Protein chains: 2
Amino acid sequence: MGISERKAREKQEMRTRIIEAATAMFMSEGYEKTSIRNIAEKIEYSPATLYLYYKDKDELLYEVQKQAFSQLEDAFAKEATSTDPLTRLSQICHCYVKFGKAHPEMYELMFMMRAPMNSIKENESWDNNTDSFVVLHNCLTECIEKGLIRFDDVMLAAFSVWSMGHGLVSLDVSCRFQGMGIDNTHVEQMIVTAIDHYLQLIKT
Amino acid sequence: MGISERKAREKQEMRTRIIEAATAMFMSEGYEKTSIRNIAEKIEYSPATLYLYYKDKDELLYEVQKQAFSQLEDAFAKEATSTDPLTRLSQICHCYVKFGKAHPEMYELMFMMRAPMNSIKENESWDNNTDSFVVLHNCLTECIEKGLIRFDDVMLAAFSVWSMGHGLVSLDVSCRFQGMGIDNTHVEQMIVTAIDHYLQLIKT
DNA sequence: GGATTTACTAAACAGTGTTCATTATATTTG
DNA sequence: CAAATATAATGAACACTGTTTAGTAAATCC
């Protein structure tokens, strides 16, 4: 029965068409300007149609978030390639910062906003971030195995490194470094310096 | 002319009545449920009246944020009292984490949400956080002067410590630690452990 | 070809932030 | 004190928002 397969394919095409439009609007116009009606208008469908493919806006945001994480993974795969775990750790961190700087709206959706997390069903856990977290986790496992960093527990190390990176990026994204006595154009450099300093600190 | 003074006082009373209602609703009902209409209803005034005292919602949020920072300062003043700068640094960090855990909605408004930052006028900078940041800055200045931590630059140290603390708290507030392979009830303990571990790392 | 399932949408609902003409109150002036 | 004026507050509207539902058009099945 090829007809039901085509239907399923068309349904999937519609789903990707929606999230691609949503993602594009998110990155160009920003979160504020992105409403269900705007997305519907962009793909030339009625707003009500979107609800045949996603149960509410949170679920849609969740799917956009998923795609954003897939982009972060790609960035890791491209830029964090060193076989030396310490070098790779540095690559991961700088890649993470670069990603946040390049796509602040996406970063907000991935790590800061509460909205997309609402669509997580009961007894189900958030797994959009797992793959990219595994990249960090594996790297730190290797670092610890070889005794390169001052951590015993891999999980503690992963959470610490991630928190430091996220803290720097998110405070920048939410403009909380402004008016803190540092020149605004030098913030980016300061973030890189802070990351490098931290990586020096955790070295054995 | 006592009559204009009374007018000014009444105006100020109304302003504080508004932000107190807003703050209370923020902490009890959460951000989602807090609208201009809800706040107006709470203080038994018309929604339009709020606009005679605050030009828009962002400005109102900004004022609520200011009060939240004043509460954080109070917490610092009460809990970070040690004369030993390293001990005081630890007190500051743990106090910060405790504050975020106790008032996640407020934390979101203070450090994560973009909204209140929109009301900052051009050529004016954000100063709601300066006082509490100074507490950290002063502490770290003393630490560096006495050669207690592995930092040369006070600003770099302040941004690093703040970012680590904020990273841990904000990832928790935005539920990003969920589904990361750690028991949800142990997240709080993990955060404390990560802070303590970091403080050990930066010690000379 | 007629019945039925599927895909889509127009219209409405309840809510939001915000503005403005109008009303009620308080103050100042003649 | 009464009239004129300045101040304070609001009702109603505007342009949005996410979401639901009844109804329509098209594709599929028998």
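Just so it is clear: chains get the letters A, B, ... in the order the sequence lines come, proteins before strands, and each one is counted from 1. Values in this document were obtained by computation on a predicted structure and should not be read as measured data.
For the atom pair B:E142 CD and B:D84 CG, the distance stands at 8.0 Å (nearest 0.5 Å). From A:L199, atom CG reaches atom OG of A:S90 across 5.5 Å, with rounding to the nearest 0.5 Å.
A distance of 6.0 Å or more separates the ring centres of A:W126 and B:F177. Under the 6.0 Å cut-off for aromatic ring centres, B:Y96 and B:Y107 qualify, their centroids lying closer than that.
Going from atom CD of A:E10 over to atom C1' of C:dC8 covers 13 Å, rounded to whole Å. Across the protein-nucleic acid pair, A:R9 atom CZ and D:dA27 atom P stand 16 Å apart, rounded to whole Å. When the C1' atom of C:dC8 is taken as reference, atom OH of A:Y54 falls 17 Å away, rounded to whole Å. Look at CG on A:L52: it is 9 Å from P on C:dT9, rounded to the nearest Å. Residue B:L50 contributes atom CG, which lies 11 Å from atom C1' of C:dT18 at whole-angstrom precision.
Within residues 56-67 of chain A, the residues that have a heavy atom under 4.0 Å from DNA chain D are, in order of number, A:D56, A:K57. Near DNA chain C, meaning a heavy atom under 4.0 Å away, the residues from residues 27-46 of chain B are B:S35, B:I36, B:R37, B:N38.
Screening B:E105, B:M113, B:M112 against A:R114 for a side chain to side chain contact (heavy atoms under 4.5 Å, CB included) leaves a single residue, B:E105.
Relative to the side chain of B:Y51, the nucleotides C:dT9, D:dT7, C:dG17 differ in distance, and C:dG17 lies closest. The side chain of B:K7 sits closest to C:dT27 out of C:dA10, C:dC8, C:dT27. Checking C:dA10, C:dT18, D:dT10 against the side-chain heavy atoms of B:P47 singles out C:dT18 as nearest.
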Candidate pair A:F69 and A:F99, rule ring-ring contact (aromatic ring centres under 6.0 Å, His included), full reasoning: CA-CA 11 Å; A:F69 270 104; A:F99 185 91; 8.4 Å; no
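Across all strands, B:Y53 comes closer than 4.0 Å only to sugar-phosphate atoms, never to a base (heavy-atom distances).
No donor-acceptor contact under 3.5 angstrom links the side chains of B:S160 and A:H197, judged on distance only. If you check the side chains of B:S35 and B:N38, you find a donor sitting under 3.5 Å from an acceptor.
Under the 4.0 Å criterion applied to side-chain N and carboxylate O atoms, B:E63 and B:K66 are assigned as salt-bridge partners.
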